[in-house]
Peer 1: 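Here it is: the structure, laid out below.
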Amino acid sequence: MEYNFREIERKWQAYWATNETFKAENTSSKPKYYVLDMFPYPSGAGLHVGHPLGYIASDIFARYKRLKGFNVLHPMGYDSFGLPAEQYAIQTGQHPEITTRTNIARYREQLDKIGFSFDWEREVRTSDPAYYKWTQWIFIQLFNSWYNIETDKAEPIATLIEKFEHKTIPFSEDASKKWDDLSDKEQSDVLLNHRLAYLSDTMVNWCPQLGTVLANEEVKDGVSERGGYPVERKLMKQWSLRITAYANRLLNDLDGIDWTESIKEAQRNWIGKSEGTSLVFDVDQFEGEQIEVFTTRPDTVFGVSFLTLAPEHELVQKITSAAQRKEIEEYMLFAKNRSERERMADVKKITGAFTGAYALHPFTKQKLPIWIGDYVLAGYGTGAVMAVPGHDSRDYAFAKNFSLPILEVVAGGDLSKESYDAKEGKIINSDFLNGLEVKDAVKKAIAVIEEKGLGKGKTNFRLRDAIFGRQRYWGEPIPVYYKEGIPYVLPERELPLLLPEVDKYLPTETGEPPLARAKDWKYKDQYEYEYSTMPGWAGSSWYYLRYMDAFDSYTFADRHAIDYWQNVDLYIGGAEHATGHLLYVRFWTKFLYDLGLIPMMEPAKKLINQGMIQGMSSFVYRIGKNIFISKNRIGTALSPEELKQTGLEKNDPNVTPLHVDVNIVNNNVLDVEAFKKWRDEYKDAVFILEDGKYICGSEVEKMSKSKWNVVSPDDMVDQYGADALRLYEMFLGPLELSKPWNTNGISGVSNFMRKLWRLYHNGDAVNISNEPATKEELKTLHKTIKKIAGDIESFSFNTSVSNFMICVNELTDLKCNKRAILEPLAIIIAPYAPHIAEELWSRLGHKETITYAEFPLVNESYLVENSFNYPVSFNGKTRFFQEYDLSLTKEELEKVILTLEQTQKYLEGKAPKKIIVVHNKIINIVV
RNA sequence: GCGGAUGUGGCGUAAUUGGCAGCCGCGCCAGACUUAGGAUCUGGUGCCUCACGGCGUGGGGGUUCGAGUCCCUUCAUCCGCACCA
């Protein structure tokens, strides 16, 4: 009987499903292991072969851990709130929930075909009210919490109110005021300044085309990541989460987790901690007005030759002199109308204007001109900088452009050419800092600044609070209502606040979000509901917890389940979430930890980022209307027949490359008949061939429908089987690297599958011998076990596939059909190719599935002779010695052909401990 | 500009972590078989050379008996951040 993967795979997938083989229990005497994939957004396009890459890797690991005796949690779900379903709803009027449900069904079908060992009973969907009830609940906890800097953790807001009542923390500049004297609205406003979820007027990235605000990481190069629409800055009342309170912990705790350095660096970068000091400058002629700046280089304070304010700085209007007013106003208008995108595009272009006002140097009391310039960002630090053109390249460029003085205060550079930014050298021209090294001068300067009350040592972060509202329909409603302008969160018993039905998924005529169209909200007449919904990342920030106890309706996840499963042990997903999801999920984890709801401070111990699988696009080259020329015939002379056939007078050098469906191209050879049928317009296509074939061009591009380079996993499974697909995806290369998909290579894996099958069969019959295995067979097996176990544990899944092939090749050569070999082989291959492994396992006579088998251990004794084996030539013969082999006598050693003088000296009168031999030559002897 | 990664045959890759570079697979070449196929099997395949032999892990330098692997330097490609004071 031949290897019939279709039947085998169908059989075992059905078996696993009916027997709930991969159901994970929340209690077990076995050690636990939690393997998690980043759950997908179920898009309408379905999965392409790139999507399952990470899932296959995690599935291999999960199955391996089960065989190693672990109680494994390996769940899957859907991040099912999101923009595409809503865009589709706007276009078609179809409820996003219907779209989403259809897409999920399609995803499930595709995933099932690949034979994953997910515990589907624990499936979560972020758009399911039973799930988002708890997303809303966590939001409420955030609203009801504040960050206590003293204890360095989040606490219930009541503890803050208590401190306000006892005035241990001031809540107002007026010290005589009592907390209870404040009106409800005033109290609410004060508390909003402390709550971890708060409402404020914030500069947001507004995308008019999408009709919503976007997070910083959703904006790339000034346009929206999705759709590529322009984004503008706009002041809006918005819900935000105070992630900045966690900046330090998010930064420091990176050291304790096993994530790739690139992700950790990206997060460090994003958090952007910088240490320095604030410093105030008095404004000349304006009694009491001060400009506060932040600097990381207080050592260069004597090099300040002007100040630059952001155009939006609040003092600009006030201090601008009459003479300069016109210029300043023109510049402010220019800066305002310059979009974010334009500003980024010409970073090199230096613009600014002089206010006419002067600041006084805090030490020298010199007059320093105050300028405005859009190289200073309103959103960072204080929106004002002390310009030190001698030692900051941006200030230098500005000074050069506007002919402002450049002072040298750190020795070592040549300021006539460029600024000297390096943080090393001796301080000069700087009064009390003279002669100090930069590092010491920084400390001294801060000390003096603090002592004189001019400023304070300070840490700044680049990280901004996370804007939490979206003016969108398809998201979790924010569970807030307003009474007399004061926001209140819904009581827990009212959760979930269901996403209401609306007549249209568009903003209202008055520009309010779609939720303003809601009709069936329970207290619609009594209160005003919040109309924005939560951003896409809300549901994904805690989903790993819900898998632990997916059906709980009393709490987000049962405490016992959380205590049992703890962190994710292995998390696999794309690197594109580095500063989005992966930061937010850490933030929520820390917050829930602070409230004592979970025992861990980090969501995932180990993170692996699988690389992207790109598409290999194929091109045909069109000349004229329906004439296609083979790649290497472009520009060559045409034969008389070809001229006749095409009706051309000569070859046309103007070719139009067109994407062609990769499924009708094999090894760059176009199936011309299939091409004619592919599209009606090509049915009369004429081809100019080379060697009787049409050769296509190819290029690596992102897999997408429009490029006709999408390869679907379903097609691969149909043609080669799920096991072959699994093996091939792993075989393609290191998991973390991006690589193009190339269907050609899968035939190698497919051959391997048949060879493996044949190993257990003789013709149609199962052919297994119970004879003891030979030493050689055992060596092959144990070598393979050792390699496979090592490969899996170091996530080198690609080399495992090679190792299986080597093993099967060797056993085929040995004609090995011994149970003692083939039984363990079925187990070690099971994580990779579970269907065939199960089938072989049952054909070996086992009643239980392979999931309950034990991964075999290596018996090193079969491998010893393989370990350190060096040929040594002496007496004209070659003998093999192990590194620790001391069997040579001194006399024998002297007969060994020694090629290195250096080695010989060791020999004099000493017994050797270790000989190191390479290339039949002794190269070192340890005595 | 800053940070992270990657450079090995025609291609995807491997190298017990400092020990005979190129395992395994694709492709290609030759042969066998044949119900002529996009099938299967066998053998070969880094480059130069008829050969002896030489050269080879992006380039240059270094450490070492020995370097794809460690150090310095340089180039190329990809990814992330970017006027962050």
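The sequence lines fix the lettering, A, B, ..., with proteins before strands; numbering per chain opens at 1.
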Peer 1: What pair of heavy atoms forms the shortest contact from A/Phe5 to A/Gln719, and how long is it?
Peer 2: CZ-O, 3.3 Å
Peer 1: Keeping to residues at least two apart or across chains, list the salt bridge (Lys or Arg N to Asp or Glu O under 4.0 Å) pairs with something in residues 740-753 of chain A.
Peer 2: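 Every candidate salt bridge (Lys or Arg N to Asp or Glu O under 4.0 Å) pair involving residues 740-753 of chain A fails, so no pair, neighbours aside, qualifies.
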Peer 1: Both distances below 3.5 Å, Watson-Crick or wobble geometry, any strand: find the nucleotide opposite B/A32.
Peer 2: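 Pairing partner: B/U40.
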Peer 1: Please measure how far the P atom in B/G25 lies from the corresponding atom in B/U34, and state the result in whole Å.
Peer 2: 27 Å
Peer 1: Do you know the tightest heavy-atom contact between A/Val376 and A/Pro311?
Peer 2: O-CD, 4.2 Å
Peer 1: Would you mind pulling out the nucleotide paired to B/U69, Watson-Crick or G-U wobble, both distances under 3.5 Å?
Peer 2: none
Peer 1: Considering only B/G4, B/U6, B/A15, which nucleotide approaches the side chain of A/Glu261 most closely?
Peer 2: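 Of the options given, the side chain of A/Glu261 lies nearest B/G4.
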Peer 1: I need the A/Leu727 CG to A/Ser800 OG distance, nearest 0.5 Å.
Peer 2: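 Atom-to-atom, A/Leu727:CG and A/Ser800:OG are 9.5 Å apart.
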Peer 1: Would you kindly give the CZ-to-C1' distance between A/Arg462 and B/A82, to the nearest whole Å?
Peer 2: 8 Å
Peer 1: Considering Watson-Crick and G-U wobble pairs with both distances under 3.5 Å, what does B/U64 pair with?
Peer 2: none
Peer 1: Checking all strands, does A/Pro740 fall into the base, sugar-phosphate, or nothing category for heavy-atom contacts under 4.0 angstrom?
Peer 2: nothing
Peer 1: Does A/Ser274 have a side-chain nitrogen or oxygen under 4.0 Å from the phosphate oxygens OP1 or OP2 of B/A85?
Peer 2: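 A/Ser274 to B/A85 OP1/OP2: side-chain N or O found under 4.0 Å.
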Peer 1: Among B/C24, B/A85, B/G80, which is the nearest nucleotide to the side chain of A/Asn809?
Peer 2: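 Comparing B/C24, B/A85, B/G80 against the side chain of A/Asn809, the answer is B/C24.
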Peer 1: Write out a two-atom table: protein N or O, nucleotide N or O from nucleotides 70-77 of chain B, distance below 3.5 Å.
Peer 2:
none

Peer 1: For B/A67 versus B/G18, give the span between their C1' atoms, rounded off to a whole number of Å.
Peer 2: 7 Å
Peer 1: By the 4.0 Å heavy-atom rule, please label A/Asn460 as base, sugar-phosphate, or nothing.
Peer 2: nothing
Peer 1: Testing the basics here: between A/Pro734 and A/Asn798, what is the closest heavy-atom pair and its distance to 0.1 Å?
Peer 2: N-ND2, 3.5 Å
Peer 1: Residues two or more places apart in sequence or in another chain: which of them pass salt bridge (Lys or Arg N to Asp or Glu O under 4.0 Å) with A/Glu312?
Peer 2: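 A/Glu312: no salt bridge (Lys or Arg N to Asp or Glu O under 4.0 Å) contacts found.
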Peer 1: With sequence neighbours left out, what residues match A/Leu53 under side chain to side chain contact (heavy atoms under 4.5 Å, CB included)?
Peer 2: A/Gln610, A/Ile613, A/Glu729, A/Met730, A/Leu735, A/Lys739
Peer 1: What distance, rounded to whole Å, do you find between the two P atoms, one in B/G1 and one in B/U74?
Peer 2: 13 Å
Peer 1: With a 3.5 angstrom cut-off on both distances, give the Watson-Crick or G-U wobble partner of B/G27, or none if there isn't one.
Peer 2: B/U45
Peer 1: Considering Watson-Crick and G-U wobble pairs with both distances under 3.5 Å, what does B/G18 pair with?
Peer 2: none
Peer 1: Using atom NZ of A/Lys815 as one end and atom C1' of B/C41 as the other, report the distance to the nearest whole Å.
Peer 2: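 My rounded result for the distance is 12 Å.
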Peer 1: From the options B/C24, B/C26, B/A82, select the nucleotide whose nearest atom is closest to the side chain of A/Ser747.
Peer 2: B/C26
Peer 1: With heavy atoms under 4.0 Å as the rule, sort A/Val376 into base, sugar-phosphate or nothing.
Peer 2: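 Contact class for A/Val376: base.
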Peer 1: What's the closest nucleotide to the side chain of A/Phe731 if the choices are B/A85, B/G25, B/G4?
Peer 2: B/G25
Peer 1: Apply the syn/anti split at 90° from 0 to B/U17 and say which one it is.
Peer 2: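 Judged by the O4'-C1' to base torsion, B/U17 sits in syn, the angle falling within 90° of 0.
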Peer 1: Strictly by Watson-Crick or wobble contacts shorter than 3.5 Å, is anything paired with B/C83, and which nucleotide is it?
Peer 2: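 The answer is none; no pair meets the criterion.
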Peer 1: For B/C78, give its Watson-Crick or G-U wobble partner with both distances under 3.5 Å, or none.
Peer 2: B/G4
Peer 1: Using atom CG of A/Asp421 as one end and atom P of B/C83 as the other, report the distance to the nearest whole Å.
Peer 2: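 Spelled out: CG on A/Asp421 to P on B/C83 is 16 Å.
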Peer 1: To the nearest angstrom, how far is A/Trp270 atom CH2 from B/C79 atom C1'?
Peer 2: 15 Å
Peer 1: When you compare B/G62 with B/C2, how far apart are their C1' atoms, in angstrom units rounded to a whole number?
Peer 2: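 So the two C1' atoms sit 28 Å from each other.
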Peer 1: Return the polar atom pairs (N/O with N/O) between nucleotides 35-39 of chain B and the protein under 3.5 Å, or none.
Peer 2:
residue: B/G38; atom: N2; partner: A/Asn666; partner atom: ND2; Å: 2.4
residue: B/G38; atom: N3; partner: A/Asn666; partner atom: ND2; Å: 3.3

Peer 1: Taking all non-hydrogen atoms of both residues into account, name the closest pair between A/His577 and A/Met38 and its distance.
Peer 2: ND1-SD, 3.4 Å
Peer 1: How would you list, by chain and number, every residue that makes a salt bridge (Lys or Arg N to Asp or Glu O under 4.0 Å) with A/Lys606, sequence neighbours excluded?
Peer 2: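 With sequence neighbours excluded, A/Lys606 shows a salt bridge (Lys or Arg N to Asp or Glu O under 4.0 Å) to A/Asp258, given in chain and number order.
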Peer 1: For B/G9, does the O4'-C1'-N9-C4 (purine) or O4'-C1'-N1-C2 (pyrimidine) torsion place it in syn, i.e. within 90° of 0, or in anti?
Peer 2: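 This nucleotide is in syn.
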Peer 1: By nearest nucleotide on RNA chain B, pick out whichever of A/Ile746 and A/Leu737 is the more 5' one.
Peer 2: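 Its nucleotide being nearer the 5' end, the pick is A/Leu737.
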Peer 1: Which whole number of Å gives the distance between the C1' atom of B/G7 and that of B/A14?
Peer 2: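 It works out to 16 Å between them.
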Peer 1: In whole Å, what is the span from the CG atom of A/Asp395 to the P atom of B/G1?
Peer 2: 19 Å
Peer 1: Between B/U8 and B/U69, how far apart are the C1' atoms? Round to whole Å, please.
Peer 2: 12 Å
Peer 1: Could you check whether A/Asn803 gets within reach of a base, just the sugar-phosphate, or nothing at all, counting any heavy atom under 4.0 Å?
Peer 2: nothing
Peer 1: How close or far is atom P of B/C78 from atom CD1 of A/Ile613, stated in whole angstroms?
Peer 2: 20 Å
Peer 1: Which nucleotide in the set B/C26, B/U6, B/A85 lies at the smallest distance from any side-chain heavy atom of A/Asn744?
Peer 2: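 Nearest to the side-chain atoms of A/Asn744, counting from C-beta on, is B/C26.
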Peer 1: Measure the distance from NZ on A/Lys423 to C1' on B/A85 and round it to the nearest whole Å.
Peer 2: 10 Å
Peer 1: Decide, yes or no, whether a salt bridge links A/Glu261 with A/Arg268 under the criterion of side-chain N to carboxylate O below 4.0 Å.
Peer 2: yes
Peer 1: Nearest to the side chain of A/Glu265 - B/G4, B/A85, B/C81?
Peer 2: B/G4
Peer 1: Return the minimal non-hydrogen interatomic distance between A/Leu725 and A/Val49, and the atom names on each side.
Peer 2: CD1-CG1, 4.5 Å
Peer 1: Using the side-chain contact (heavy atoms from CB on, under 4.5 Å) definition, which of the options A/Ile785, A/Asn803, A/Ile792 pairs with A/Ile828?
Peer 2: A/Ile785
Peer 1: If you measure from the P atom in B/G46 to the same atom in B/C29, how many Å do you get, rounded?
Peer 2: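 Those two atoms are separated by 16 Å.
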Peer 1: Would you call A/Asp395 and A/Lys400 a salt bridge, taking side-chain N to carboxylate O under 4.0 Å as the test?
Peer 2: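 Salt bridge between A/Asp395 and A/Lys400, a charged N being under 4.0 Å from a carboxylate O: no.
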Peer 1: With respect to the side chain of A/Arg758, which nucleotide from B/A14, B/G4, B/C41 is positioned closest?
Peer 2: B/C41
Peer 1: Find the distance A/Tyr380:OH to B/A82:P and express it as a whole number of Å.
Peer 2: 13 Å
Peer 1: Using the C1' atom on both, measure B/A76 against B/U57 and round to a whole Å.
Peer 2: 16 Å
Peer 1: What's the closest nucleotide to the side chain of A/Ser262 if the choices are B/C24, B/G4, B/C83?
Peer 2: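 In terms of side-chain proximity for A/Ser262, the closest of B/C24, B/G4, B/C83 is B/G4.
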